[in-house]
Amino acid sequence: MDIRLQGCASHDAVRIVSPIMSDVSGRRPLTGGSRMSPSAAKVHSIGSILTVVSCVFFAISFISSLTGVPGEVPTPAATTFNAKGISGHCNPFLYPGHIAHDPFPVWKTFDNVCPASTAMPDMLASLPNAVSRTPGLKSTLRSPSISKQREAQLMQAFKNRTVVLIGDGVDRTMIMNLCDMVGEKPVSVDAMHPWGASLKNQPLGRKDPGDTLLADYCYVPHYSAIFTSFYHYGADTNELWREQRDYLPPGQFEKRISQLLKPYLEAMATPLPYNVQMPLARSSKPDLVVFSSSLWDLAAWAMEDVSTYQAITTADLSDNRLQWWRSRSVDMIEELRQQLGPSVPLAWRSTHVPMTKVNDTVQWFFSSMHTKSSPAPDENGIQFAHPNRITQLNHARRATLAMSNQASVRGWLSKNVWSAGSMPLLRDIPFGEVTMGQSTTQDTLLNPGIETYAYMFWSMVLQELLNLSL
């Protein structure tokens with residue numbers, strides 16, 4: 001190593017360290033006093049040049065191994081699959097960090113490898129009615145001020161955007177919490193709503209069409225942006241919930257997307273023939289879809305445990321259940337890509353880990369999804385959302401997003417095979433990981449609270465929209 005580094009100092013140094021090559025007069029000391037031929041001299045010169053280049057290369061490699069390449073952001077091992085986001089821009093939520101109040105909640109990385117996102121507090125600062133209209137919300141949730149340049153950046157990222165959350169009651173709560181923060185009123189879409197006509201094609205039985213929920217949305221006029229939630233029954237393929245009183249068919253995810261969600265998005269982007277003050281989506285193709293499936297699946301497994309006389313519904317999920325859930329996740333995401341278009345940006349949300357409460361039951365969870373007003377919690381039922389099972393699903397999700405070169409997951413129904421090189425590009429919303437440990441401030445399972453849960457969730461979603469616009 002010393003010889004190489006010395007030899008790289010100058011061309012003369014190479015001659016000193018390696019005198020056997022030639023002397024300064026061009027004579028060959030080992031074979032007498034005759035001069036080298038022109039061809040031999042040329043070979044000697046080329047060899048000297050290659051020696052210098054090699055030494056420089058080894059020196060740079062040695063120094064780089066000690067200091068790292070300047071300007072390169074180190075990627076933590078846990079997030080190597082997508083640490084900078086699909087767009088190539090830095091996403092702090094994909095790095096290890098912690099929630100800090102600065103004074104608003106932000107996710108700070110430990111090594112300052114990625115600046116904290118201020119998308120949420122900056123958006124609230126751009127809206128005159130944000131925070132102030134909702135009692136109990138702190139003014140510190142908004143940035144004190146934002147520059148004109150930042151306002152223009154936010155307008156470019158959020159204007160005329162449509163964001164769709166596809167999941168469960170937590171997503172519905174996120175929509176309501178967003179409206180609380182931006183100073184607007186959420187709207188429930190039932191069979192009587194102009195966008196809810198697809199519900200009329202389903203057998204409602206004795207249900208009141210005006211109390212049959214399809215979706216909820218929050219419209220932000222300043223940006224002409226629509227944020228909406230759409231619920232499904234999880235990964236179930238056997239119409240498990242059809243005997244429940246409030247069941248709204250179809251139950252299978254693929255059918256709900258084609259028969260309910262797609263017509264809903266098309267209606268959202270279709271001008272109404274009469275003069276009604278309704279927002280209008282720019283396109284039936286959303287600008288971002290945030291997908292999740294967990295609580296319905298956990299509820300189904302808890303019901304199955306009870307039906308098979310397993311008194312304990314808190315036991316760890318079996319390998320078969322976890323692998324089945326991963327396979328069905330492939331099916332569901334592929335169905336979204338088929339119905340909405342493969343170019344629509346898709347993000348996969350993890351599940352927050354709640355405090356286990358006696359009123360977080362399957363029965364209460366089911367009824368809360370089918371009425372406009374949330375029913376009172378019911379303690380007389382089956383508990384299902386236990387931290388160990390939720391954590392298992394979050395790890396299974398992560399393993400699917402970050403598959404190794406040797407791993408693959410095959411769809412349960414679609415038979416699509418995902419591997420590290422063949423799966424679609426998915427964005428990551430690590431909601432459960434970011435909010436881990438915040439459960440002491442939680443209200444209920446489905447309504448964990450605006451600060452910190454909803455605030456951090458929308459910080460992640462808005463950051464994705466910003467990255468998509470850059």
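Counting all heavy atoms, side chain and backbone alike, Ala119 lies closest to Leu466 at CB-CD1, 3.6 Å. Considering every non-hydrogen atom in both Asp190 and Met192, the closest pair reads OD1-N, 2.9 Å. Here the closest non-hydrogen pair linking Pro354 and Ile390 is CD-CD1, 3.3 Å. Residues Pro92 and Thr109 come closest through the heavy atom pair O-CG2, 3.7 Å. Smallest separation of non-hydrogen atoms from Val182 and Leu124: CG1-CD2, 4.1 Å. Residues Ala281 and Thr162 come closest through the heavy atom pair CB-OG1, 3.7 Å.
Side chains of Cys90 and Tyr95 form a contact here, defined as non-hydrogen atoms less than 4.5 Å apart. In this structure, the side chains of Ser459 and Val106 stay at 4.5 Å or more apart for every pair of heavy atoms. Residues Val417 and Val409 are not in side-chain contact: their nearest non-hydrogen atoms beyond the backbone lie 4.5 Å or more apart. Counting heavy atoms from C-beta on, the side chains of Arg397 and Trp348 come closer than 4.5 Å. Annotation: side chain of Leu470 is in contact with side chain of Gln153 (closest heavy-atom distance under 4.5 Å). Counting heavy atoms from C-beta outward, Arg172 and Tyr231 have side chains that stay 4.5 Å or more apart. Two residues are said to be in side-chain contact when any heavy atoms from C-beta on lie closer than 4.5 Å; Leu346 and Ile333 meet this criterion. Here the side chains of Phe365 and Asp168 are in contact, with some heavy-atom distance below 4.5 Å.
Looking at Ser408 and Ser419, their side chains never bring a donor and an acceptor atom within 3.5 Å of each other. Using modelled atom types, one finds no donor on one side chain facing an acceptor on the other under 3.5 Å when comparing Gln392 with Arg389. Residues Ser293 and Asp297 bring a donor and an acceptor atom of their side chains to less than 3.5 Å of each other. Side-chain atoms of Arg326 and Thr400 form a donor-acceptor pair, as typed in the model, at a separation below 3.5 Å. Tyr223 and Ser126 share a donor-acceptor pair across their side chains, judged by distance under 3.5 Å alone. Of the N and O atoms on the side chains of Gln252 and Asn238, not one donor lies less than 3.5 Å from an acceptor on the other residue. Side-chain atoms of Gln259 and Ser198 include no donor-acceptor pair closer than 3.5 Å.
Of the inter-residue distances, the one linking Met460 atom CE with Met120 atom CE reads 11.5 Å to the nearest 0.5 angstrom. With rounding to the nearest 0.5 angstrom, the OG1 atom of Thr351 is 5.0 Å from the CG atom of Asn394. To the nearest 0.5 Å, atoms CE (Met176) and CD (Glu184) are separated by 15.5 Å. To the nearest 0.5 Å, atom CG of residue Leu413 and atom CD of residue Glu335 are 10.0 Å apart. To the nearest 0.5 Å, atoms CG (Leu462) and CZ (Arg161) are separated by 12.0 Å. For the atom pair CE (Met403) and CH2 (Trp418), the distance works out to 7.0 Å, reported to the nearest 0.5 Å.
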Checklist line | Check against side-chain contact (heavy atoms from CB on, under 4.5 Å), Val189 and Asp216 | finding: CA-CA 6 Å; Val189 178; Asp216 294 271; over 6 Å; no

Check: Between Asp102 and Lys108, is a side-chain contact (heavy atoms from CB on, under 4.5 Å) present by the stated rule, with each step listed?
Finding: CA-CA 10 Å; Asp102 206 19; Lys108 280 191 173 181; 3.8 Å; yes

Notebook entry, point to check: Could you walk me through whether Asn447 and Thr173 pass the side-chain hydrogen bond (donor to acceptor under 3.5 Å, both in side chains) check?
Noted result: CA-CA 6 Å; Asn447 184 16; Thr173 300; 4.8 Å; no

Next item on the list: Show your working on side-chain hydrogen bond (donor to acceptor under 3.5 Å, both in side chains) between Asp122 and Ser143 and close with a plain yes or no.
Entry: CA-CA 5 Å; Asp122 288 350; Ser143 297; 2.5 Å; yes

Note to self: As a quick check of understanding, evaluate side-chain contact (heavy atoms from CB on, under 4.5 Å) for Ile382 and Thr361, giving each step before the final call.
What the structure shows: CA-CA 5 Å; Ile382 303 169; Thr361 63; 5.6 Å; no

Notebook entry, point to check: Can you check side-chain hydrogen bond (donor to acceptor under 3.5 Å, both in side chains) on Asn320 and Ser318, steps first, answer last?
Noted result: CA-CA 5 Å; Asn320 287 339; Ser318 66; 5.2 Å; no

Next item on the list: Before giving the answer on side-chain contact (heavy atoms from CB on, under 4.5 Å), spell out for Trp412 and Trp324 the whole-Å C-alpha distance, their side-chain angles and the decisive distance to 0.1 Å.
Entry: CA-CA 7 Å; Trp412 184 259; Trp324 175 83; 3.5 Å; yes

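Checked by atom type and distance alone, the side chain of Glu239 pairs as donor or acceptor with a backbone atom of Gly251 at under 3.5 Å. Thr313 contributes a side-chain N or O that, together with a main-chain N or O of Gln383, makes up a donor-acceptor pair within less than 3.5 Å. Using a distance-only test at 3.5 Å, with no hydrogens or angles considered, no donor-acceptor pair links the side chain of Ser469 to the main chain of Gln156. When atom types are taken as modelled, the side chain of Ser224 and the backbone of Asn160 share no donor-acceptor pair closer than 3.5 angstrom. Side chain of His352 to backbone of Leu445: a donor-acceptor contact under 3.5 angstrom is found. Although no hydrogens or angles enter the test, the distance criterion places a donor-acceptor pair under 3.5 Å between the side chain of Ser258 and the main chain of Lys255. Of the possible donor and acceptor atoms, none in the side chain of Arg142 sits under 3.5 Å from a partner among the backbone N and O of Thr140. Between the side chain of Lys285 and the backbone N or O of Leu340 there is at least one donor-acceptor pair closer than 3.5 Å. Remark: side-chain polar atoms of Asp331 are paired, donor with acceptor, to backbone N or O of Ser414 under 3.5 angstrom. Proximity of a side-chain donor or acceptor of His232 to a complementary backbone N or O of Gly234 within less than 3.5 Å is detected.
A salt bridge links Asp305 with Arg321: the closest approach of a Lys/Arg side-chain nitrogen to an acidic carboxylate oxygen falls below 4.0 angstrom. A salt bridge links Arg282 with Asp287: the closest approach of a Lys/Arg side-chain nitrogen to an acidic carboxylate oxygen falls below 4.0 angstrom. Looking at Arg328 and Glu254, a side-chain N of the basic residue comes within less than 4.0 Å of a carboxylate O on the acidic one, giving a salt bridge.
Centroid-to-centroid, the aromatic rings of Tyr233 and Trp296 come within less than 6.0 Å. Taking the ring centroids of Phe227 and Tyr219, they lie at or beyond the 6.0 Å cut-off. For Tyr217 and Trp195, the gap between ring centers is short of 6.0 Å.
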